[in-house]
2 protein chains.
Amino acid sequence: MQTTPATLEDSHPADICSARPPRHPRPDGQDRYTISEVVACTGLTAHTLRWYERIGLMPHVDRSHTGQRRYTNRDLDWLDLVTKLRLTGMPVADMVRYAELVREGAGTYRERQELLEQTRRDVLGRIAELRETLAVLDRKIDFYATEGNTR
Amino acid sequence: MQTTPATLEDSHPADICSARPPRHPRPDGQDRYTISEVVACTGLTAHTLRWYERIGLMPHVDRSHTGQRRYTNRDLDWLDLVTKLRLTGMPVADMVRYAELVREGAGTYRERQELLEQTRRDVLGRIAELRETLAVLDRKIDFYATEGNTR
DNA sequence: GGCTTGCTTGGAGTGCACTCGAAGGTCATA
DNA sequence: TATGACCTTCGAGTGCACTCCAAGCAAGCC
């Protein structure tokens with residue numbers, strides 16, 4: 001697929017197996033973001049970020065010497081995935097399950113694949129539903145545009 | 001647009017302005033469904049149907065001489081629309097607003113049109129998001145399929 | 001030292017969309 | 001006429017995904 005070695009997949013729970021255009025605010029090596037920086041670049045709230053960690057949806061985030069969270073680029077990528085999955089309507093519990101599988105290492109590849117394939121089917125179904133709804137909306141909008149202008 | 005006269009649009013709050021393939025269980029005239037019949041053909045629960053009425057999301061449903069609900073084909077069409085709008089993620093409060101506009105009559109055509117156009121934009125955005133997510137899922141699934149098989 | 005800003009924790013609270021329960025009335029069939 | 005399924009109302013309860021709060025620690029600055 002690409003150059004990312006499989007070991008990288010398991011070296012840290014963040015599960016970066018396919019590179020996006022890596023628009024990280026800082027290059028790897030200088031990536032120690034405070035929670036408010038992560039808030040600024042993800043749009044999530046600090047409350048939500050801490051809550052994600054509490055429920056096991058985030059791999060354990062690194063801390064500063066005073067105990068404050070320091071997020072990495074990898075954490076940002078993970079949050080990006082979580083955000084996308086959330087948009088599909090995937091329940092948080094299922095995402096936690098996926099996070100657990102990632103933590104368990106390479107032995108769970110098959111199960112992860114199945115989970116994502118199920119999600120993929122859900123997304124396709126959802127898109128189909130939305131298309132149908134769009135058709136209804138278009139008919140109604142057309143009606144209002146036509147009838148609304150003739151009276 | 002089609003043969004449905006504009007007056008029909010306002011004759012009853014159900015707002016049937018664009019005909020779907022009218023797959024109604026019974027022809028107009030014999031359309032007096034009990035709540036459990038509506039449950040069977042919409043997939044909504046009786047609780048939800050009563051609740052929709054309580055919060056003003058349903059036009060007032062006809063009653064039998066003993067006070068039991070009797071739904072019409074028009075009510076079924078309205079529920080179909082509501083179900084579709086719900087799938088778009090539209091908040092119930094917004095749907096109630098739309099229902100109010102329908103109840104107010106033809107004078108609200110423009111506002112209804114704007115509301116639906118906004119919804120339309122939301123749906124398009126949602127589809128775009130889902131497509132992006134789909135791309136990420138495909139890349140990840142591909143990774144698991146490839147890496148998973150070589151180990 | 002005092003002030004402000006930003007962070008920590010655990011637990012409690014919120015808003016949405018249902019979902020259920022209790023108490024009782026109605027209706028078709030045996 | 002009696003049984004049981006089905007209906008009514010209103011109010012309370014549930015589950016999810018946050019969202020907020022209080023109390024307290026730490027760092028930077030005047």
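First the proteins, then the strands, lettered A, B, ... as listed; each starts at 1.
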> Is a donor-acceptor pair below 3.5 Å formed from side chain B:R54 to base D:dG11, judging by atom type as modelled?
Replying inline: yes
>> Tell me whether the side-chain N/O atoms of B:R63 come closer than 4.0 Å to OP1 or OP2 in D:dT9.
In response: yes
> Are A:E129 and B:K84 close enough for a salt bridge, meaning some N to O gap below 4.0 Å?
Replying inline: no
> Which comes earlier along DNA chain D counting from the 5' end, the contact point of A:H65 or that of A:Y52, where each point is its nearest nucleotide?
Replying inline: A:Y52
> Does any N or O in the side chain of A:T34 come within less than 3.5 Å of the main-chain N or O of A:E37, such that one atom is a donor and the other an acceptor?
Replying inline: yes
> Between atom CG in A:L87 and atom P in D:dA17, what is the gap in whole Å?
Replying inline: 13 Å
>> Less than 4.0 angstrom between a side-chain N/O of B:S64 and OP1 or OP2 of D:dC7, yes or no?
In response: no
>> Expressed as a whole number of angstroms, how long is the span from A:R50:CZ to D:dC20:P?
In response: 12 Å
>> If you assign each of B:L44 and A:Q68 to its closest nucleotide in DNA chain C, which residue comes earlier from the 5' end?
In response: A:Q68
> Which pair of non-hydrogen atoms, one from A:R97 and one from A:E104, has the smallest distance, and what is that distance?
Replying inline: NH1-OE2, 4.4 Å
>> With nearest nucleotide decided by heavy atoms, which residue, A:T66 or A:T48, maps closer to the 5′ end of DNA chain D?
In response: A:T48
>> Nearest whole Å is fine: how far is D:dA17 P from A:L49 CG?
In response: 16 Å
> When the distance from CE of A:M58 to C1' of D:dC18 is rounded to whole Å, what number comes out?
Replying inline: 16 Å
> Nearest heavy-atom pair of A:P59 and A:R103: which atoms, and what distance?
Replying inline: CA-NH1, 4.2 Å
>> Just the rounded figure in Å: distance from P of D:dT14 to CH2 of B:W51.
In response: 18 Å
> To the nearest angstrom, how far is A:R70 atom CZ from D:dA27 atom C1'?
Replying inline: 11 Å
>> How many whole angstroms separate atom NE2 of B:H47 from atom P of C:dA22?
In response: 12 Å
> What is the distance from CD1 of B:I35 to P of C:dT26, rounded to the nearest Å?
Replying inline: 17 Å
>> Using 30° and 60° as the class boundaries, would you call the ring planes of B:Y144 and A:Y98 parallel, tilted or perpendicular?
In response: perpendicular
> Has A:R86 got a side-chain N or O lying under 4.0 Å from the OP1 or OP2 atom of D:dA17?
Replying inline: no
